S.K.: 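Would you mind keeping the following structure in view while I ask a few things?
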2 protein chains.
Amino acid sequence: MNRTLRMTHQREIILAELQRSKTHPTADELYERIKKKLPRVSLATVYRNLEILSEAGLIKKLEISGRQKRFDWDPGEHDHVYCVRCQRVDNIETDAPAPSVASAQEQGYRITGCRIEFFGLCPKCLQQQKNKPSKGERAMACPSCTTPTLSETQRQVLEALANTSEACGSKELAAATGLESKQVSCQLTALKNKGLVDSPIRCKYAITEQGKSILS
Amino acid sequence: MNRTLRMTHQREIILAELQRSKTHPTADELYERIKKKLPRVSLATVYRNLEILSEAGLIKKLEISGRQKRFDWDPGEHDHVYCVRCQRVDNIETDAPAPSVASAQEQGYRITGCRIEFFGLCPKCLQQQKNKPSKGERAMACPSCTTPTLSETQRQVLEALANTSEACGSKELAAATGLESKQVSCQLTALKNKGLVDSPIRCKYAITEQGKSILS
DNA sequence: AAGTATATGAGAACTATTCGCATGTCAAGG
DNA sequence: CCTTGACATGCGAATAGTTCTCATATACTT
Ligand SMILES: [Mn+2]
Ligand SMILES: [Mn+2]
Ligand SMILES: [Zn+2]
Ligand SMILES: [Zn+2]
């Protein structure tokens, strides 16, 4: 009736690799490390085994709010902190007793567990924040957007903007590019979001340094 | 500098629809309800506005461990319970004070918040569990698998199985279908996982009611 | 060693969410 | 009021993380 688990070579390596890690790696972080020992493993195997091992109670699967799953070599009860910026996860000890539920408030639930998680900035990210004057709210673009791709229209607009000596409105740009002014204004918004143009004064646009560099 | 938010018709409806819901709906649950009033809304608009509204502090986004996001009309501080079976989310009151961290244990983090969540079985699921003798572990197939699709080979095997009066091994099935016994055994596993066959005794297989119904 | 249950690799499929872009709408200012 | 630009929308495509499918390989049991 119960499936009998087998200790395959892959499973052994996956377990060992997790156990040697001090942090709380994601499946694909582990996958990268494991590939060095087992070049032919598949990511699916890593996921499968982490699932199986955690069902078997040998490790623990951490499902932290709204983020990638992480895995913990230590299956014992303990809580975690995570960094809202770099996603790092660490153990933490609370001094409060395990919170219990006002029994009248259970509303008929049979409660089987509780999870406590803290969040904030890890030491490293705290440091970085101090160095930067944190201009604006999206000072750092998302990592995958390091080289945003431009549509043909966007490139046209951006080039037109590069040729102006000072900030100009979308109407002038429409004339310069031969595009409709509606379209130009749309593209300016997109470009602004990508950080390639900004708007020094209302309704006037200028190319940013980043915008210049992407054209070259 | 700051974007000025506009109260559009869509945004208004989305907010109103969330506020009238006692539960903690997912974006697409809301989407389904909203489509009745605004047949042309887009799911992206629903997501966008839920995000914007929660940034504005009018509602709250609940990111509960490893599951779909949910949204709460009540932006005040409070904790939740969720049902591990049906995913329902309800409010809950703890009687303990908010847990704090042993200061020596912060490890250099600047902690900005904490989340507490309870989990278990909601009253409804508790009820259902009592009625069923809980045979096996995957009594209920996932909703999207209500009509599993069969590969050609699987159908062959299933039909052969339907023609036997009692449980039989993979070898007989291999003979009956003309397939290799290795293949048959693979497909039996797949069929078993789909709940279309089961294995009354080790290495013997029989078609289930569900299996019969899918053939007809 | 044979035979079966279980596991694997490879890639497709899936799901929840976000993005890109053309187009629509609102509100302020001429 | 009419234009204009910021803000929003609908739609489809893209993305990321994870799971599934199936042929094939491997580990137990006997
Ligand atoms: Mn841990
Ligand atoms: Mn709530
Ligand atoms: Zn960090
Ligand atoms: Zn439930």
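Everything quoted here is computed from the prediction, not taken from an experiment. Letters A, B, ... mirror the listed sequences (proteins, then strands); counts begin at 1.
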S.K.: Find the distance B/Arg40:CZ to C/dA22:P and express it as a whole number of Å.
M.R.: 19 Å
S.K.: Please verify the inter-ring angle class for A/His78 with A/His24; under 30° counts as parallel, over 60° as perpendicular, anything in between as tilted.
M.R.: tilted
S.K.: Measure the distance from CG on A/Asn49 to P on D/dA27 and round it to the nearest whole Å.
M.R.: 13 Å
S.K.: Measuring to OP1 and OP2 of D/dT26, would you say a side-chain N or O of A/Gln10 lies under 4.0 angstrom away?
M.R.: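 It does not, given that no N or O in the side chain of A/Gln10 lies less than 4.0 Å from OP1 or OP2 of D/dT26.
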S.K.: Do we see a donor-acceptor contact under 3.5 Å between the side chains of B/Thr8 and B/Arg11?
M.R.: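 Note: B/Thr8 and B/Arg11 side chains miss the donor-acceptor criterion.
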S.K.: Should A/Thr8 be listed as having a side-chain N or O under 4.0 Å from OP1 or OP2 of C/dA7?
M.R.: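 For C/dA7, OP1/OP2 do not have a side-chain N/O of A/Thr8 under 4.0 Å.
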S.K.: Can you tell me if the side-chain N/O atoms of A/Thr45 get under 4.0 Å from OP1 or OP2 in C/dG9?
M.R.: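 Yes, A/Thr45 has a side-chain N/O under 4.0 Å of OP1/OP2 on C/dG9.
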S.K.: Would one find a side-chain N or O of A/Lys69 under 4.0 angstrom from OP1 or OP2 of D/dT19?
M.R.: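 True: A/Lys69 side-chain N/O within range (under 4.0 Å) of D/dT19 OP1/OP2.
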S.K.: Does the base of D/dG10 carry an N or O that pairs as donor and acceptor with the side chain of B/Arg48 under 3.5 Å?
M.R.: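 Present.
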S.K.: Classify the side chain of B/Arg6 versus the base of D/dA6 as yes if they form a donor-acceptor pair under 3.5 Å and no if they do not.
M.R.: yes
S.K.: Ignoring hydrogens and angles, state whether a donor on the side chain of B/Arg115 or A/Ser65 is under 3.5 Å from an acceptor on the partner side chain.
M.R.: yes
S.K.: Mind checking side chain to side chain contact (heavy atoms under 4.5 Å, CB included) for A/Ser54 and listing every partner two or more places apart, or none if nothing turns up?
M.R.: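 For A/Ser54, the residues satisfying side chain to side chain contact (heavy atoms under 4.5 Å, CB included) (neighbours in sequence not counted) are A/Ile59, A/Lys61.
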S.K.: Reckon B/Tyr47 has a side-chain N or O less than 4.0 Å from the OP1 or OP2 of C/dT18?
M.R.: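 No, because none of the side-chain N or O atoms of B/Tyr47 sits under 4.0 Å from OP1 or OP2 of C/dT18.
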S.K.: Please report, rounded to the nearest Å, how far the P atom of C/dA16 is from the CZ atom of B/Arg67.
M.R.: 12 Å
S.K.: Please state how far atom CD1 in A/Ile34 lies from atom C1' in C/dT8, giving the value in whole angstrom units.
M.R.: 14 Å
S.K.: Has A/Arg11 got a side-chain N or O lying under 4.0 Å from the OP1 or OP2 atom of C/dA7?
M.R.: yes
